[in-house]
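Next up is a structure, given as structure tokens.
As a basis for the values below, the full set of heavy atoms in this structure was taken, side chains included, without hydrogen atoms, waters or symmetry mates. Below, read A as the first sequence line, B as the second, and so on, with proteins coming before strands; counting in each chain starts at 1.
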Amino acid sequence: MIKDRPGFDLLSEERIKAALKTDLLGNRVYAFWSVGSTNEFAYRRALQGDLEGVLVIAEQQTKGKGRKSRDWDSPFYKGLWFSLILRPDIQSSQAGLLPYLAGVSVAEAVENLLKLTPDLKWPNDLLFQGKKFCGILSEVEFENGKVKFIILGIGINVNQKPDEFPEQYQHQATSLRQNYNSRIDRAELLAEVLYCLEQNYKSIATYGLNEIVSKWKKRCPQFGKEIVIMQDDVQVQGQFVDIDDNGCLILQTESGATKKIVAGDIRF
Amino acid sequence: MKPKEIQKLIELVEKSDISELEVSRWGRRVRITKSSTVSVAKSSADSVVISSTPPPIRPLSAITAPVASVETIEIPAPAKAPDQNVFEVKSPMVGTFYRAPAPDATPYVQVGDIVSQNQVLCIIEAMKLMNEIESEVRGRIIEISVENARPVEYNQVLFKIEKL
């Protein structure tokens, strides 16, 4: 666990708790110097009965996870690498809508704090000029046809300079600092992300998840447009017309038929 | 003979047209007989029967060591297995079905594998939301109903497991 050290912008539990302005999210904080994967740790804690709102954050992940076990580069001190435990009361069939909650909330937080408007890219990347600065990977556990818990894993490149990304990612990765042109206080940003997330999460009880999806669509420049999706070696093309009740992308192909997409990389 | 080796032999017999296989190694012989009468498989313990019988006449080929015993394994013909003994694992959500944690990784399970309760069988992914599906029963995988990396619907059958 990290202890606070004056003069260093380290994300200690004390520092995080002092910055937070939420009731639920971050009610318990696990702050690490280094951990394999915050998602994995949070998942284990949730299995052991930890309540919702738990925040697991690390200055560095040694085995940060991306899709299909791809690596997610999470270097020491440069970003926000964290996971949250949520226990929403929703059906398993609707679980696919929950990741949108995270995407929308990070976008809103960046806008509130830095006055920058990032783009959302399906299924859940955040970008500036086509370069990614935030990725979201979630894991869910079901019980009796309902969500038992979900781990929202969020990785945000905050203070990296262009040459601090591994060479193979430099053309496709960016950080908030590169777009804001100044160093960013990570604790303040974390507090804003959790604040937006908590507001949106609480709104589900009243407005349902469809309201979140509507917000998401407005922030996605490809929505309504002609897109190409790569699914392994297969390419599908059509108009991005909707996101359905399960969270799937609905593509209308040239023939007028609709196709449901659950995974893939959108090409510009 | 190690349980894993015996399990492999069972798989071999199951997949083939032969009804009986006898293998001897280190003085021990294992005979696997495919049974057509499934009525014996009424309780979970009955679906695989391992019984030791007194050593029969020693075959000429078995020259390595004295034969201690013969293990006879009877397995019910899978096609005739009663339905109540087969557990269907269904998808809890719409998504893509993955048999392994990464494209180049070994699949979690294969047909014929004995799985324990809570053992991971596959991953369903949708919108970068992952769900590891675990077996709710102890049993043998008798069918993997979906090809790797294929889309699956809510409630679609993914695996059939013969309960043990």
- Message: Heavy-atom pairs under 4.5 Å with chain A - which of B:M93, B:E132, B:M127 has more of them than the others?
- Response: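 The answer is B:M127.
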- Task: Looking only at non-hydrogen atoms, find the nearest pair between B:P92 and A:S92 and report the distance.
- Result: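 Heavy atoms only, the tightest pair is O-OG, 2.8 Å.
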- What part of B:A149 is in contact with chain A, defined as an atom under 4.5 angstrom from a non-hydrogen atom: side chain, backbone, both or neither?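 Just its side chain gets close to chain A.
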- Identify the heavy atoms of A:E141 and B:N131 that sit nearest to each other, and give their distance. CA-ND2, 4.2 Å
- Winner by heavy-atom pair count (cut-off under 4.5 Å) against chain A, out of B:A105, B:G95, B:S91: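 Highest number of pairs under 4.5 Å: B:G95.
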- With respect to B:L129, which candidate in A:N124, A:V140, A:I151 satisfies the side-chain contact (heavy atoms from CB on, under 4.5 Å) definition? A:V140
- Note on the structure: Honestly, the part of A:L98 sitting under 4.5 Å from a heavy atom of chain B is neither
- Closest-packed option against chain B by number of heavy-atom pairs under 4.5 Å, given A:V262, A:I261, A:I150, A:L249: A:V262
- Answer yes or no: does atom CG of B:N118 have more than 12 heavy-atom neighbours from other residues, nucleotides or ligands under 6.0 Å? yes
- Item | B:E134 CD to A:F142 CZ distance, which is reported to the nearest 0.5 Å | 12.0 Å
- Report, as yes or no, whether the 6.0 Å neighbourhood of atom CD on A:Q172 holds more than 12 heavy atoms from other residues, nucleotides or ligands.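 Result for CD/A:Q172: enclosed.
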- Message: Given heavy-atom pairs under 4.5 angstrom as the criterion, report whether the side chain, backbone, both or neither of B:E153 touches chain A.
- Response: side chain
- Message: Which atoms of B:P151 are under 4.5 Å from chain A, going by heavy atoms: the side chain, the backbone, both sets, or neither?
- Response: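 Contact with chain A is absent: no heavy atom of B:P151 under 4.5 Å.
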- Query: With a 4.5 Å heavy-atom cut-off, do A:N246 and B:Y154 have their side chains touching?
  - Reply: no
- Residues, nucleotides or ligands: over 12 heavy atoms within 6.0 Å of A:E254 CD: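 Atom CD in A:E254 is not packed in, count stays at 12 or less.
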- Output the distance between atom CG (A:L137) and atom CD (B:E125), rounded to the nearest 0.5 Å.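 Spacing of CG (A:L137) from CD (B:E125) equals 7.5 Å.
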- Task: Return yes when atom NZ of A:K148 has more than 12 non-hydrogen atoms of other residues, nucleotides or ligands closer than 6.0 Å, and no otherwise.
- Result: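 Counting other residues, nucleotides and ligands, NZ of A:K148 exceeds 12 neighbours.
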- Query: Crowded around A:K259 NZ? As in, over 12 foreign heavy atoms under 6.0 Å?
  - Reply: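 No, because the 6.0 Å sphere around NZ of A:K259 holds 12 heavy atoms or fewer from other groups.
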